[in-house]
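Accompanying notes for the structure given below.
Remember, predicted model here, so these are calculated numbers, not experimental data. In what follows, every heavy atom counts, from backbone to side chain, and hydrogens, waters and symmetry copies are set aside.
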Amino acid sequence: YDKIILHMGLHKTGSTSIQKNCQFQHRQLLLRHGIHYGNFSWDGLDRPNHGGPITAALFDDADRYGAQWRAILGPDIEGAQLSFRRQFEQMLAEPQAETLLLSGENLSRYSEEDMALLRDRLAAHTRELRVLVLLRNPVEFVASILQQRVRSGRVGTPGHLVKVQRERHTRLEQIFGSALQSLSFDQLAASELGLVGSFMQVCGVPAQELAGLSYARANPGISVEAFRIMRAINRRHPPVTEGVKSELRSSRDLQPLYLLPGSRFGLREFNHPALLDVIRREEAWFEGHLGISFDTPDLAPDDTSWPASTLAVLEQHLREVREPALLQAAAEFLCEHAVELREARPETAATLDEIGRRLLLT
């Protein structure tokens, strides 16, 4: 290849949207400009996120980077690894365009040794290796991770998450050096071309061909109200306890709450006195080290949750949660939360208590 572009996330910077648009909606547009978006497939499905397939191709240990991506391989782990290995080798050995574009945010989790292995493997098949990473406002980055974690059954607190971007970027710098190009997710997302269009422009597609195109969007956020309910359910009934999977939980059992309308989720939900100071230091590092500046959202506590539009459909969304124990946990939370709100917001408290009691009688 004349060039291999390796997009390594980081996490929570629109990687899924970028991958799906490059794989499905705009593959031919990329090809017209000499860019081949790598195509991995297994079990009849294309895999737009290349992180799992590349990891399977490089390493024999299916659990090397956690069991989360193991599900990508399915029950025939050995067969999937062999297939991905062959596809990766063929992709590198037989160029289908001047540029190969690969994308996988989980690749940024590699150890320095494994990252160097990937670097050398790609560099052997190109005249130029270019590595792209997107960096997000630390507040929005942490908020997005917390939403993802509560969806997966965890409780989640901000804590150490604030420093994840800097730690991973530092490792990428050490391994890729001048090949690394750091971009602001916020600036790309706010541009006229939008996140996906701006990303493809960085890869080499002219802006005039990107204006006016539509792009598929993935992983919309959840509301504050949905987050609170899901977190309460996860506390009472975690999917895994001491290594044992709960019989009450399934992978998408809280999906009815994903689209519950309400207040926009953010770190206002966590009133940690030291959190803002840590975030300010992270922002100063990004600006001083990379020249990327961010506008910090207000983190002051906010009492605007549970608007009338949320309360009007809350019971409907909750009744779509099929597991009775999870529904009961949600109902108990509403009653407990109503007690907390009784003095400051009596009408809201009364409505939450009424909904909770009705659900408990179900």
Side-chain angles (χ1 to χ4, degrees), residues 1-11 15-24 26-28 30-31 33-133 168 171-172 175-177 179-181 199-200 203-204:
Y1 292 95
D2 289 339
K3 184 186 299 180
I4 292 181
I5 300 174
L6 177 60
H7 169 230
M8 300 181 72
L10 295 178
H11 287 81
S15 297
T16 301
S17 293
I18 288 171
Q19 291 155 2
K20 289 187 175 181
N21 278 280
C22 289
Q23 174 77 35
F24 302 115
H26 301 297
R27 169 175 285 276
Q28 294 305 314
L30 290 170
L31 275 174
H33 294 280
I35 304 167
H36 170 60
Y37 188 74
N39 186 34
F40 291 95
S41 62
W42 171 247
D43 199 24
L45 295 174
D46 290 328
R47 311 290 172 145
N49 186 335
H50 302 149
I54 289 176
T55 303
L58 291 177
F59 309 111
D60 292 328
D61 180 7
D63 291 321
R64 194 178 189 92
Y65 285 96
Q68 183 179 16
W69 70 268
R70 185 188 183 106
I72 295 173
L73 307 180
D76 184 7
I77 293 175
E78 187 175 327
Q81 288 184 297
L82 180 61
S83 177
F84 285 140
R85 191 163 296 164
R86 287 172 175 167
Q87 291 175 58
F88 193 40
E89 290 173 354
Q90 183 176 12
M91 192 183 302
L92 294 176
E94 302 174 11
Q96 298 184 39
E98 292 84 2
T99 298
L100 172 64
L101 174 58
L102 299 170
S103 175
E105 61 273 28
N106 281 334
L107 301 174
S108 68
R109 297 175 58 216
Y110 276 15
S111 67
E112 291 183 15
E113 180 182 2
D114 290 348
M115 207 173 278
L117 174 67
L118 174 61
R119 176 200 62 199
D120 295 344
R121 184 69 176 276
L122 297 178
H125 294 274
T126 183
R127 296 181 180 88
E128 178 188 355
L129 176 60
R130 185 179 175 198
V131 179
L132 301 180
V133 293
R168 292 188 180 172
R171 188 162 62 248
L172 289 166
I175 300 303
F176 293 105
L180 181 65
Q181 182 179 0
F199 176 85
M200 291 198 292
C203 292

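- A 4.5 Å side-chain heavy-atom check between Arg130 and Ile4 finds every atom pair outside the cut-off.
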Q: Show the numbers, then the answer: is there a side-chain contact (heavy atoms from CB on, under 4.5 Å) between Glu89 and Glu94?
A: CA-CA 8 Å; Glu89 290 173 354; Glu94 302 174 11; over 6 Å; no
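- Contact detail for Ser15 and Leu10: the closest heavy-atom pair is OG-O, 3.6 Å.
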(Q) For Asp46 and Gln23: C-alpha separation, side-chain torsions, deciding distance, then whether side-chain contact (heavy atoms from CB on, under 4.5 Å) applies. (A) CA-CA 8 Å; Asp46 290 328; Gln23 174 77 35; 3.7 Å; yes
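- Within the model, atoms OH of Tyr37 and CD of Gln19 stand 4.5 Å from one another, a figure rounded to the nearest 0.5 Å.
- Within the 4.5 Å cutoff, the side chain of Ile35 has no heavy atoms near those of the Leu31 side chain.
- With a 4.5 Å cut-off on side-chain heavy atoms, His36 and Leu101 do not count as touching.
- Counting all heavy atoms, side chain and backbone alike, Asn21 lies closest to Ser17 at ND2-O, 2.7 Å.
- A donor-acceptor pair is defined here as one N or O able to donate and one able to accept, closer than 3.5 Å; such a pair exists between the side chain of Ser108 and the backbone of Glu105.
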Q | Steps toward side-chain contact (heavy atoms from CB on, under 4.5 Å) verdict (Arg171, Met115) | A | CA-CA 9 Å; Arg171 188 162 62 248; Met115 207 173 278; 3.9 Å; yes
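- The minimum heavy-atom distance linking Ser41 with Ser83 is given by the pair O-OG, 4.1 Å.
- Annotation: side chain of Val131 is not in contact with side chain of Gln181 (no heavy-atom distance under 4.5 Å).
- Residues that satisfy the ring pair (Phe, Tyr, Trp, His ring centres under 6.0 Å) test with His7, not counting sequence neighbours, are Phe199.
- For the atom pair Arg86 CZ and Gln81 CD, the distance stands at 12.5 Å (nearest 0.5 Å).
- A 4.5 Å side-chain heavy-atom check between Phe176 and Val133 finds every atom pair outside the cut-off.
- Expressed to the nearest 0.5 Å, how far CD1 of Ile77 lies from CG of Leu82 amounts to 13.5 Å.
- Distance NE2/His125 to CE/Met91: 11.5 Å, rounded to 0.5 Å.
- Of all heavy-atom pairs between Leu107 and Met8, the closest is O-CE, 3.4 Å.
- The two residues Gln87 and Asn39 make their nearest non-hydrogen contact at OE1-O, 3.7 Å.
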Q | Evaluation steps, salt bridge (charged side-chain N to carboxylate O under 4.0 Å, His left out), between Arg85 and Asp60 | A | CA-CA 10 Å; Arg85 191 163 296 164; Asp60 292 328; 3.1 Å; yes
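- Using a 4.5 Å cut-off on side-chain heavy atoms (C-beta onward), Phe84 and Ile54 make no contact.
- Closest approach of Trp42 to Gly79, counting heavy atoms only: CH2-C, 3.6 Å.
- Using a 4.5 Å cut-off on side-chain heavy atoms (C-beta onward), Leu122 and Leu92 make contact.
- Note: Leu30 CG to Arg27 CZ = 8.0 Å, rounded to the nearest 0.5 Å.
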Q) Should Thr16 and Asn49 be marked as a side-chain contact (heavy atoms from CB on, under 4.5 Å) after you check the CA-CA gap, both sets of side-chain angles, and the distance that decides it? A) CA-CA 7 Å; Thr16 301; Asn49 186 335; 5.5 Å; no
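- Side chains of Arg168 and His11: a donor-acceptor N/O pair is present below 3.5 angstrom, by distance only.
- Aromatic rings from Phe40 and His50 are positioned such that their centres are separated by under 6.0 Å.
- One distance of note links CG of Leu132 with CG of Leu6; it measures 8.0 Å at 0.5 Å rounding.
- In summary, the aromatic rings of Phe59 and Tyr110 are positioned with their centroids under 6.0 Å apart.
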